[in-house]
Amino acid sequence: MAIRTRFAPSPTGYLHIGGVRTALFNWLLTRRLGGQFILRIDDTDAERNRPEALQPILDGFRWLGIDWDEGPEVGGPFGPYFQSQRNHLYVEAALRLLDQGHAYPCYRTKEELEAERRQAEQAKRPYVHRGEHRDTPPAENRRLYDARPTALRLKVPLGQTVVLNDLIRGRVEWQTDLLGDPVILRPDGRALYNFATVVDDVAMRITHVIRAAEHLSNTPIQMLTYQALGEPTPLFAHVPVVNEPKSKKKLSKRDMGKFVTPEVRAKLRAVGWTDAQIDSRDDLNPATVAFYRELGYLPAALVNYLGRLGWSLDDKSEMIPLEQMIAHFSLERVNDAPASFDPDKLYWLAGEYMRLLPVEERVAGVIPFLQRAGLIGPTVDAGVRDRVRRVVEAMGDRLKLFSDILLYAAPLFRPEPVYEPAAVQKRLKKPGVPELLWAFRERLAAVPSFEAPALEELLRRFCEERGIAAGLLIHALRVSTTGTEVGPGVFDCLAILGREEVLRRIALGLRQAAAG
RNA sequence: GGCCCCGUCGUCUAGAGGCCCAGGACACGGCCCUUUCAAGGCCGCGACACGGGUUCGAAUCCCGUCGGGGUCACCA
């Protein structure tokens, strides 16, 4: 059976982490079962939409490798895929409901409704709106509406129980008596989300509506709308929401600024963003996909992480390659409790994926970060590329994110080390160390091969001769040539720097030690 | 507040009556390895929200309580 699922974001200018997770579940199911995954843009709220706000969303999906069979830029047989271009269909459907007595005109003003609501609230009674023309004959209602267009409401049938058999949550029911008659068309003829969605899902032959659990309460109204329209209801699956890290609060689209913590800001600055840039972009925070791309996460890791958030393959699989995820994804194994987003685990997974990545791809991924940090120029010739490759190889699995290259490798690209006083103090200013280093420097000047294994052998023999611990010299060597105590293996660093530079830097380091 | 959903280690989860005095992963702590940092190895910490049932037997079924969340628009 070919299934059809859809994800319907509104163009907000960024791709939200929770949204992608929902989209991913839709996508995985269609890829597994065979069918179409449709992207539809819910832009009925014209005031809030900017045309340029769509691109970041499409870019985000493409970066993650989540492709759509129908939708923006690819088209499809059920287009257009923008709700703002489909309003005539909603009007047509609403009018049909009006003629059939499933909808009626409502002349209440917003103010009147508000007053009613408040009154009900004070009386501690649930507010359920029933318009005065509910039971007016359809033909009469049509005349009223044509004479004086106004909002159209769906006539919710009384005394019924709406039963949903949700694919994730099981049986859920609602009493229609507690459901107010919802507006489906505004006085100016624009449809409301709840109605447009149903009309579109019918028109686009959607078979499975897989969406965030926050839509669960919309479902009875939508099911009644299908009924009124005389259409079969699709299957529904409500995916639990994604919560903030270590929290039970929904990872909200609003108020994302609070995720830009000092640590997050520091990370962004480390990869070359200025405070002004960070503040001017509302999508640079951990609740968006763009953030992870900017920090150099591998998209496969994000997909794996998100797929595993609320869904599991079995009792132990954590790293689940996409192929496997597609082969085994099922809604039955989606957890029905909310899940908190865990940045630590994502980071771990990113590292796991990085170590699987061929060196050439790592080099390619790292270059933009080096360029933005100004450590290499805009053009990358063979020589630069080769040096980058050597650094990447030396970094080994210290590189979990592409941006991690900036953490340890900067001294290897800068013309001179930036000496950390504490490191100099601890490793160079020890009694006897400067002399030792100076003596070893002479050996380095004379050693025939300047490759890492040869250098290590040279140093070990040197230390053995003198009966000193190799560590002493190693640390001094690292600090004098890189200025810091952390980094890739010191012999790799020396080999990358090259003889001349190493000799120069040792002298430089020694001068530092003598000075301060 | 009404309606609805949810409740296993800090976090993600396994668990569909006995395999569970609850398994894995991330994080955390310790030790080992070691030239730093990573990585790796070993060990440890750590949960069935609570209370009643049902049953020979319950994390698993039922009821209640408590707690958390979602949603209540002429937003999406």
Side-chain angles (χ1 to χ4, degrees), chain A residues 8-12 42-45 47-49 83 106 108-110 113-114 117 120-121 124-128 150-153 164 166 169-170 172-175 178-180 182-188 190-194 196-197 212-220 238 240-241 243 245-250 253 305 308-319 333 335-349 351 355 395-400 404 407-408 423 427 456 459 469-479 482 484-491:
Chain A
S10 43
T12 48
D42 273 15
D43 53 357
T44 51
D45 187 8
E47 296 93 49
R48 229 158 51 191
N49 286 319
Q83 289 196 325
C106 177
R108 288 291 156 79
T109 65
K110 277 184 179 179
L113 291 166
E114 187 51 42
R117 189 189 339 271
E121 230 166 73
K124 292 204 179 2
R125 295 194 43 231
Y127 176 67
V128 179
T150 182
L152 244 31
R153 284 185 189 270
L164 164 70
D166 193 271
R169 335 188 77 88
V172 184
E173 27 175 274
W174 293 267
Q175 300 305 318
L178 266 15
L179 268 19
V183 170
I184 57 177
L185 211 60
R186 294 179 174 100
D188 64 3
R190 282 153 53 227
L192 274 98
Y193 162 80
N194 238 357
T197 293
E214 59 206 79
H215 289 283
L216 190 57
S217 56
N218 285 326
T219 309
H238 287 93
V241 298
N243 286 337
K246 315 235 158 163
S247 141
K248 308 224 168 183
K249 289 252 189 300
K250 190 177 94 171
K253 289 182 203 178
Y305 177 75
R308 229 347 235 95
L309 190 65
W311 173 81
S312 63
L313 175 59
D314 53 32
D315 58 345
K316 32 197 62 141
S317 301
E318 296 294 343
M319 256 190 109
R333 288 195 68 84
N335 206 150
D336 51 11
S340 313
F341 184 79
D342 182 358
D344 288 335
K345 191 157 182 177
L346 204 209
Y347 183 69
W348 168 76
L349 258 178
R355 74 163 84 194
M395 278 193 66
D397 45 35
R398 291 172 187 83
L399 189 82
K400 296 172 195 296
D404 284 342
L407 248 37
Y408 301 127
R427 301 300 189 184
E456 174 154 16
L459 181 138
L472 196 67
L473 226 202
I474 286 172
H475 288 126
L477 216 39
R478 178 193 306 285
V479 172
T482 68
T484 173
E485 288 193 274
V486 299
V490 72
F491 302 109

Taking only the [atom1] atom of each, what is the distance from [N] to [M] in whole angstrom?
N	M	atom1	result
B:U11	B:A76	P	35 Å
B:A27	B:C42	P	16 Å
B:C21	B:A58	C1'	14 Å
B:G44	B:C4	P	47 Å
B:A16	B:C61	P	11 Å

With [X] via side-chain hydrogen bond (donor to acceptor under 3.5 Å, both in side chains) - residues at least two apart:
X	value
A:R108	A:E116
A:D314	A:S317
A:S217	none

Distances for protein N/O vs nucleotides 35-37 of chain B N/O pairs under 3.5 angstrom?
residue, atom, partner, partner atom, Å
B:U35, OP1, A:R460, NH1, 3.4
B:U35, OP1, A:R460, NH2, 2.9
B:U35, O2', A:H475, NE2, 3.3
B:U35, O2, A:R478, NH2, 2.7
B:U36, O2', A:E485, O, 3.2
B:U36, N1, A:R478, NH2, 3.4
B:U36, O2, A:E485, O, 3.1
B:U36, O2, A:G487, N, 2.9
B:U36, O2, A:G487, O, 3.3
B:U36, N3, A:R478, NH2, 3.3
B:U36, N3, A:G487, O, 2.6
B:U36, O4, A:R398, NH2, 3.0
B:U36, O4, A:G489, N, 3.4
B:C37, O2', A:Y408, OH, 2.9
B:C37, O2, A:R398, NE, 2.3
B:C37, N3, A:R398, NE, 2.9
B:C37, N3, A:R398, NH2, 2.6
B:C37, N4, A:R398, NH2, 3.2

For A:Y193, all residues meeting ring-ring contact (aromatic ring centres under 6.0 Å, His included), sequence neighbours excluded: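 Partners of A:Y193 by the ring-ring contact (aromatic ring centres under 6.0 Å, His included) criterion, ordered by chain and then number, come out as A:H215.
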Sugar-phosphate only, base, or nothing, as touched by A:D344 at under 4.0 Å among non-hydrogen atoms: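 Sugar-phosphate: the residue A:D344, judged by heavy atoms under 4.0 Å, touches backbone atoms but no base.
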Sugar-phosphate only, base, or nothing, as touched by A:E121 at under 4.0 Å among non-hydrogen atoms: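 The answer is nothing, as A:E121 stays clear of every strand by at least 4.0 Å.
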A:H215 ring over B:A76 six-membered base ring, under 5.5 Å and 30°: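 Stack criterion met.
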Distance test, side-chain N/O of A:R125 to OP1/OP2 of B:G1, below 4.0 Å: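 Checking B:G1 against A:R125, no side-chain N or O comes under 4.0 Å of OP1 or OP2.
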Presence of A:K400 side-chain N/O under 4.0 Å of B:A39 phosphate oxygens OP1/OP2: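 Yes.
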Residue pairs passing the salt bridge (Lys or Arg N to Asp or Glu O under 4.0 Å) test where at least one lies in residues 336-346 of chain A, sequence neighbours excluded: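 Output for this query lists A:E318-A:K345.
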Non-neighbouring partners of A:L346 that pass side chain to side chain contact (heavy atoms under 4.5 Å, CB included), sequence neighbours left out: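 Side chain to side chain contact (heavy atoms under 4.5 Å, CB included) list for A:L346, sorted by chain: A:Y292, A:Y297, A:L302, A:Y305, A:F341.
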Selected nucleotide, minimal atom distance to A:R186 side chain, candidates B:A39, B:C74, B:C4: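 Among B:A39, B:C74, B:C4, the one nearest the side chain of A:R186 is B:C74.
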With A:R153 via salt bridge (Lys or Arg N to Asp or Glu O under 4.0 Å) - residues at least two apart: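 A:R153 satisfies salt bridge (Lys or Arg N to Asp or Glu O under 4.0 Å) with no other residue.
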Residue whose closest nucleotide on RNA chain B lies nearer the 5' end, A:L178 versus A:R117: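 Looking at the nearest nucleotide for each, A:L178 comes out on the 5' side.
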Between CG on residue A:L216 and NE2 on residue A:H238, distance to nearest 0.5 Å: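 That separation rounds to 5.0 Å.
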Reading 5' to 3' through nucleotides 7-14 of chain B, protein heavy-atom contacts under 4.0 Å coded B for base, S for sugar-phosphate only, - for none: S--SBBSS
B:A39 - base-pair partner by Watson-Crick or wobble geometry, distances under 3.5 Å: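 None - no nucleotide pairs with B:A39, as no candidate has both distances under 3.5 Å.
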